Amino acid sequence: VKVIEFKGLFSESQHSINSRNIDSGQIKKDKTYKIIALIDDNTKILKENDTFLIKGVEFNLVNINNANMLDVYFDLTLEKK
């Protein structure tokens with residue numbers, strides 16, 4: 001287990017629909033959790049399915065997006081465990 005620390009902006013919203021939560025023709029809205037973090041030596045080693053602990057709550061990393069492909073910051077999508 002490797003532990004890293006980095007700073008980022010955390011947000012949660014209820015404005016998107018997660019296609020993984022479509023069940024029997026019903027769409028369930030879940031909160032979306034995101035972190036925007038500068039790309040540096042610590043964030044470069046992140047990979048999908050990594051676990052985050054934010055204020056005592058565990059999250060899984062489900063998507064890493066190199067925003068606008070500029071290599072400046074990552075837009076990280078999280079899911080509550």
Side-chain angles (χ1 to χ4, degrees):
V1 173
K2 184 170 186 166
V3 176
I4 64 167
E5 289 186 21
F6 64 91
K7 291 183 180 184
L9 299 174
F10 177 79
S11 69
E12 64 180 77
S13 68
Q14 200 145 352
H15 300 293
S16 66
I17 298 172
N18 187 338
S19 63
R20 285 180 286 195
N21 291 330
I22 296 176
D23 182 27
S24 303
Q26 295 180 339
I27 299 174
K28 300 176 183 176
K29 280 186 160 183
D30 283 338
K31 285 187 178 179
T32 300
Y33 303 95
K34 293 195 174 246
I35 296 176
I36 295 174
L38 291 175
I39 296 175
D40 63 17
D41 290 339
N42 281 337
T43 57
K44 282 182 185 177
I45 63 173
L46 295 173
K47 59 189 180 307
E48 290 185 8
N49 297 316
D50 279 352
T51 299
F52 284 74
L53 185 62
I54 301 170
K55 294 192 176 197
V57 179
E58 284 192 17
F59 296 88
N60 283 331
L61 178 57
V62 294
N63 190 322
I64 303 170
N65 180 26
N66 180 349
N68 299 319
M69 297 186 293
L70 295 174
D71 297 324
V72 175
Y73 68 93
F74 285 131
D75 186 8
L76 308 171
T77 304
L78 309 176
E79 188 175 79
K80 253 187 188 178
K81 275 186 127 178

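Only a predicted model underlies this, so the values are computations on that prediction, with no experimental measurement involved.
No donor-acceptor distance shorter than 3.5 angstrom exists from the side chain of Asn60 to the backbone of Glu79, with no hydrogens or angles considered. Side chain of Thr32 to main chain of Thr77: no donor-acceptor pair is present (N/O by atom type, distance under 3.5 Å, no hydrogens or angles).
Looking only at side-chain heavy atoms (C-beta outward), Ile4 and Leu46 come within less than 4.5 Å of each other. Here the side chains of Lys34 and Asp75 are in contact, with some heavy-atom distance below 4.5 Å. Leu78 has its side chain within reach of Leu61: a pair of non-hydrogen atoms, C-beta onward, lies under 4.5 Å apart. Using a 4.5 Å cut-off on side-chain heavy atoms (C-beta onward), Val72 and Ile39 make no contact.
No chain of hydrophobic side-chain contacts below 4.5 Å, direct or via other Ile, Leu, Val, Met, Phe, Trp or Tyr residues, connects Leu9 to Leu53. The same ILVMFWY cluster, assembled from side-chain heavy atoms under 4.5 Å apart, contains both Tyr33 and Phe52.
Shown are Phe74, Phe6, Tyr73; of these, the side-chain contact (heavy atoms from CB on, under 4.5 Å) with Ile35 is made only by Phe6.
When every heavy atom of Ile45 is checked against every heavy atom of Asp41, the shortest pair comes out as CG2-O, 3.9 Å.
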